[in-house]
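Everything numeric here is computed off the predicted structure, so don't read it as measured data.
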Amino acid sequence: MDVTRPYTIVAHVDNTPEGRAAAEYACSLCLKFRVKYRLIFLYVVALYRRTSLSLINRQTDQMNADIREDAENAMLDCKKFLSRFESLVTFEWISVKDEGNVGPIMVDFIADSLQSPVDVVVVGKPANPGIKKIVGGDTCDYLLNNLLCPVMVVKNQYDTSDNGD
């Protein structure tokens with residue numbers, strides 16, 4: 001590793017217990033570092049894909065509008081949660097909106113859009129990922145199988161309550 005380049009950590013955050021646990025773990029990791037680091041909290045908004053059928057696209061557009069609105073509220077909640085770490089670590093907030101599932105959107109963003117190499121990705125593992133695998137895939141498993149950098153999986157074992165105590 002180039003010693004002039006910061007150690008780059010990308011933490012997948014969302015408004016779930018596992019997303020908050022990943023954020024908290026990434027912060028605790030940075031507090032232990034004795035080297036320069038770059039901590040990026042990445043929030044992904046996964047939208048439904050548009051088709052070539054205009055009738056279906058009208059419904060898709062409405063569902064995507066609802067997703068965007070829900071995502072804005074969820075991002076505000078996440079930023080409120082992350083504010084507890086502002087005095088402890090420096091971090092960047094990046095939100096990405098794209099069509100598809102969260103895992104592929106993250107992999108593409110990390111590979112194509114970040115200006116520096118990523119040293120590790122921190123992601124939370126749902127307590128019961130069964131339904132997520134049926135509906136749209138497990139983001140954690142997708143990242144483990146498709147990223148070219150190490151992936152640190154965090155179980156929801158951290159204090160992710162909103163009170164900051």
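With sequence neighbours left out, F33 forms a ring pair (Phe, Tyr, Trp, His ring centres under 6.0 Å) with Y7. Take Q115 and apply the side-chain contact (heavy atoms from CB on, under 4.5 Å) test, not counting sequence neighbours, and it matches no residue. In this view, N57 and T51 satisfy the side chain to side chain donor-acceptor pair (under 3.5 Å) rule, not counting sequence neighbours. Taking the side-chain contact (heavy atoms from CB on, under 4.5 Å) definition, one finds that L31 meets it with L88, V89, sequence neighbours left out. For N73, there are no side chain to side chain donor-acceptor pair (under 3.5 Å) partners, not counting sequence neighbours. Applying the ring pair (Phe, Tyr, Trp, His ring centres under 6.0 Å) rule to Y142 yields no partners; only residues at least two apart in sequence or on another chain are considered. Partners of S95 by side chain to side chain donor-acceptor pair (under 3.5 Å), not counting sequence neighbours: none found. Not counting sequence neighbours, the partners of N15 by the side chain to side chain donor-acceptor pair (under 3.5 Å) test are R20, D77. Taking the ring pair (Phe, Tyr, Trp, His ring centres under 6.0 Å) definition, one finds that Y43 meets it with W93, sequence neighbours left out.
In the hydrophobic clustering of ILVMFWY residues, with side-chain heavy atoms under 4.5 Å counting as a link, V121 and L29 come out apart. Under the 4.5 Å side-chain contact rule for hydrophobic residues, M75 and I105 do not share a cluster. Linking Ile, Leu, Val, Met, Phe, Trp and Tyr residues whenever their side-chain heavy atoms come within less than 4.5 Å leaves V153 and V13 in two separate clusters. Hydrophobic cluster membership is shared by V10 and V123, with clusters built from Ile, Leu, Val, Met, Phe, Trp and Tyr side chains linked at under 4.5 angstrom. Follow the hydrophobic side-chain contacts under 4.5 Å out from F109 and you reach I40 in the same cluster.
Cluster partners of L148, using a side-chain heavy-atom cutoff of under 4.5 Å among ILVMFWY residues and allowing indirect links: none.
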task = Show the numbers, then the answer: is there a side-chain contact (heavy atoms from CB on, under 4.5 Å) between D138 and K125?
result = CA-CA 9 Å; D138 186 348; K125 179 77 171 171; 2.9 Å; yes

task = Please assess V96 against D108 for the test side-chain contact (heavy atoms from CB on, under 4.5 Å), listing each intermediate value before the final yes or no.
result = CA-CA 11 Å; V96 178; D108 290 346; over 6 Å; no

Residues M152, I9; criterion side-chain contact (heavy atoms from CB on, under 4.5 Å); working and verdict = CA-CA 10 Å; M152 188 169 292; I9 301 166; over 6 Å; no

task = Applying side-chain contact (heavy atoms from CB on, under 4.5 Å), run through L114 and I94 and close with a yes or a no.
result = CA-CA 10 Å; L114 289 178; I94 298 176; 4.1 Å; yes

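The CD1 atom of I56 lies 13.5 Å from the OH atom of Y48; values are rounded to the nearest 0.5 Å. Put simply, CG on N101 and CZ on R49 are 7.0 Å apart, with the number rounded to the nearest 0.5 Å. In this structure, F85 CZ and F41 CZ are separated by 6.5 Å, a value rounded to the nearest 0.5 Å. Note that CD1 of I67 and CG of L47 are 5.5 Å apart. Values are rounded to the nearest 0.5 Å.
When all heavy atoms are compared, the tightest approach of V154 to A21 is CG1-O, 3.9 Å. Residues T8 and D119 come closest through the heavy atom pair N-OD2, 2.7 Å. The nearest pair of heavy atoms linking G100 to A46 is O-CB, 3.0 Å. Minimum heavy-atom separation, V122 to A22: CG1-O, 3.6 Å. The minimum heavy-atom distance between M106 and H12, with the atom names listed, is SD-CD2, 3.4 Å. A26 and L39 get closest at one heavy-atom pair: CB-CD1, 3.8 Å.
A 6.0 Å sphere centred on CD of Q59 holds no more than 12 heavy atoms belonging to other residues, nucleotides or ligands.
Panel note: side chain Y37, backbone T90; a donor-acceptor pair is recorded below 3.5 Å.
Between S116 and R38, the side chains place a donor N or O and an acceptor N or O closer than 3.5 Å (distance only, hydrogens not considered).
The salt bridge (Lys or Arg N to Asp or Glu O under 4.0 Å) analysis of residues 50-64, with sequence neighbours excluded, yields the pairs R50-D61. Within the structure, salt bridge (Lys or Arg N to Asp or Glu O under 4.0 Å) pairs that include any residue of residues 67-76 comprise E72-K97 (at least two apart or interchain).
Between E18 and C140 there is no side-chain heavy-atom pair separated by less than 4.5 Å.
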